[in-house]
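Report on the structure given below.
These numbers were taken from a predicted model, which means no experiment stands behind them. Labels below follow one simple rule: chain letters A, B, ... track the order of the sequence lines, proteins then strands, and each chain is numbered from 1.
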Protein chains: 2
Amino acid sequence: MTSRQVTLAEVAKEAGVSLATASRVLNGSTRQVSEELRERVLGTARRLGYLPNASAQALARNSSVLVGLVVHDIADPYFSSIAAGVTRIAESAGLVVVLGTTGRDPRREVELVNTLRAHRARALVIAGSRTTDRSASRRLAEEITAFTAQGGRVACVSQAKLGTDTVVPANRSGARALARGLAALGHRRFAVLAGPPDLLVARDRLAGFKAGLADEGLELPDGCVITSDFTRDGGHAAVADLIAARTGATCVFAVNDVMAMGAMAALRDHGLRVPEDVSVAGFDDIPTLRDLVPALSTVRLPLEDMGERAARLVLDDVVAPPRTVRVAGEVVLRASTAHPSGIGLR
Amino acid sequence: MTSRQVTLAEVAKEAGVSLATASRVLNGSTRQVSEELRERVLGTARRLGYLPNASAQALARNSSVLVGLVVHDIADPYFSSIAAGVTRIAESAGLVVVLGTTGRDPRREVELVNTLRAHRARALVIAGSRTTDRSASRRLAEEITAFTAQGGRVACVSQAKLGTDTVVPANRSGARALARGLAALGHRRFAVLAGPPDLLVARDRLAGFKAGLADEGLELPDGCVITSDFTRDGGHAAVADLIAARTGATCVFAVNDVMAMGAMAALRDHGLRVPEDVSVAGFDDIPTLRDLVPALSTVRLPLEDMGERAARLVLDDVVAPPRTVRVAGEVVLRASTAHPSGIGLR
DNA sequence: AAGTCCGTGGAAAGCGCTTTCCAACACGCT
DNA sequence: AGCGTGTTGGAAAGCGCTTTCCACGGACTT
């Protein structure tokens, strides 16, 4: 069944030229080939249905056309938006995207970078926040070092902690501005669905939010910070704890949109209305948000654009290793947040 | 900067064994190697930080570890859900997923399959509906034939039109059952946001819906079928046409969920309430649906599962070329559809 | 007329790995 | 002692391509 593939050698022979000449015609070599031979080679190649073997080319050239993309969960709109940006740039540069998903397992992350290294991927975009786990970070950093030592370029979308090019969203300042905006609406008691305690992006956003409250002379008591998974279901589950905590909060900030969406659903299940009984805000501005009712207030991040930026960092020819692209977040207050009217979450 | 990579030959030399022995130890060869040499090779490999060159292995073995995944738009929840299923299975089989996005351009689709073929990908999952464009289909079919002739396996998620293994959702019967369900709610006048006229999946769903109406003795006048893009914005834009058409429909069926979401937003913009003024239903049951208010009625497809099924089809050892896995759709009536109370879209 | 240079084609040496084939040796038999 | 048989190590031939290096002519100098 498996028909032998047409090789360059066959094309060369059939066209009556040397291997070298055939190669020069069929790839973008700088060397000139006379019009006559060129035509002949091109013709036979087409006639025989020649397709270069990418593995052989990669081996001979010592460089591949592969770009790695590592995300936690491709079904999460946050990551799929970034992925769309990365693939757009990579594909328009004639490269091929290799997708790896970690399921938020740091070991898997290291494993993926290793695999991509084995494939001699020319570049690598790692999306998704690091955690406070030092040993995991160290092992990832080692892999990344090996990857760059091999001539590959790496960019991260998240914290600039790994000595690579990085696209870093304004987690702190965005959350801070959001806090001020919510305070300006009249809220005085807040609760935060803070995600996992060891996730840096979650910590940054929490810290920024606290700072924003402090700007307004407000504070966030410890009991008002609920930890949970960084997912829609995490946000949903956290609401039970939130209500049990009897915080009296009139406004809930979830450190990302999917958590906020889960929380809104859970609040509804508990018979609470948003924003009449409690206001809710998220972070990221994932695309699905615009079809939510009430529309979710959030901090907008240009997700696809961030993916594009990361891809560009990693594909340009600049030789300036650790560059940082800061991306601003824009506070967008929508219908899910309103002037506090009720008594909040007693 | 680019440090030379450690090669098998170096490991072999350092360990004082032949290339062959080193190779046998460091990959899953069937050949035995004595415990002593084995240890020695493993030790030096670790010490030197040896990592096999995947391109070289692919070349020597004439087979790669790559699995292609072709989707229209990775940011669309429909595709990202399927992608999550495919990557899960592929990665658990130790394979590497190559992601290609077409942006719904048939030429790009062909191009991607070609690229994947050049990389000697061992398998390929193509998600996304075909169109009625015969010449595009033919060229894709040719590429696919070449791919399989080369020993690769291909599965499609959509219509079983290409002679490959296929996972086909119950578009017709799902839409038909949905139509009956909506008629049972009391609706008599319907409108359909039918997507692009040349997209097979859209046509199937429209046809199924009509059949379901016919079962109930109802029909769908031509003026009640609005065409538009198969996207959220397409659904949004179609609503203006829909309203202009003065169909008197009390229920709108959009042939996929993202269109239905766009339509709901547009209806709201026009001051129409769902479901009080008009009921809306979609198709697919993308994950984001459960956080919509009102919750969208739809036909549930197990999207991640479909991705997994496709991946399994393409990765098992069965030698039964064109198999078809039919996936049932389950009608899920939620809050976006109700007994018709108003006068509908006059 | 001799010397230079450039443009072009081909031979061949790799790239890093797998795998066939052969040699060597240790057994267990008759 | 002689002979299969089975096990293990190594030499070497590829896998399909790129690229260096050399050879050859013709066009130009001087």
Proximity to the side chain of A:L8 - top-ranked nucleotide from D:dC17, C:dT18, D:dG16: D:dC17
Base C:dG7 to side chain A:R31, donor-acceptor N/O within 3.5 Å cut-off: no
Whole angstrom value for the distance that separates P of D:dC15 from CG of B:N27: 19 Å
Short side-chain N/O contact to D:dT8 OP1/OP2 from B:T21, under 4.0 Å: no
Short side-chain N/O contact from B:Q57 to OP1 or OP2 of C:dG16, under 4.0 Å: no
Between P of D:dT7 and CZ of B:R24, the distance in whole Å: 14 Å
Rounded interatomic separation in angstrom, taking NZ from A:K13 and C1' from D:dG16: 16 Å
Donor-acceptor pair (no angle test) under 3.5 Å: B:R120 side chain, D:dG16 base: no
Residue-phosphate contact under 4.0 Å: A:Q32 side-chain N/O, C:dG7 OP1/OP2: no
With A:H72, the side chain to side chain donor-acceptor pair (under 3.5 Å) member among A:T102, A:T101, A:D105: A:T102
Residue whose closest nucleotide on DNA chain C lies nearer the 5' end, B:V6 versus A:V33: A:V33
B:F230 vs B:R104 side-chain heavy atoms within contact, under 4.5 Å: yes
Closest contact, heavy atoms only, B:H119 versus A:S55: O-OG, 4.3 Å
Gap separating the CD atom of B:E143 from the CD atom of B:E111, nearest 0.5 angstrom: 10.0 Å
A:L19 CG - C:dA13 C1' separation (whole Å): 12 Å
Point-to-point distance, once rounded to the nearest 0.5 Å, from CZ of A:R117 to CD1 of A:I144: 11.0 Å
Phosphate OP1/OP2 of D:dC17: any A:S55 side-chain N/O under 4.0 Å: no
Touch class at under 4.0 angstrom, heavy-atom based, for B:T7 against every strand present: sugar-phosphate
Touch class at under 4.0 angstrom, heavy-atom based, for A:S23 against every strand present: base
Distance in angstrom units between B:H119 NE2 and D:dG16 C1', rounded: 14 Å
Whole-Å distance separating the CG atom of B:N62 from the C1' atom of D:dG14: 12 Å
Nearest-angstrom distance from the residue atom CG of B:N53 to P of D:dC15: 18 Å
Nearest-angstrom distance from the residue atom CG of A:L59 to P of C:dT18: 12 Å
Nearest-nucleotide comparison on DNA chain D, the residue closer to the 5′ end among B:L37 and B:A60: B:L37
Phosphate OP1/OP2 of D:dA11: any B:S18 side-chain N/O under 4.0 Å: no
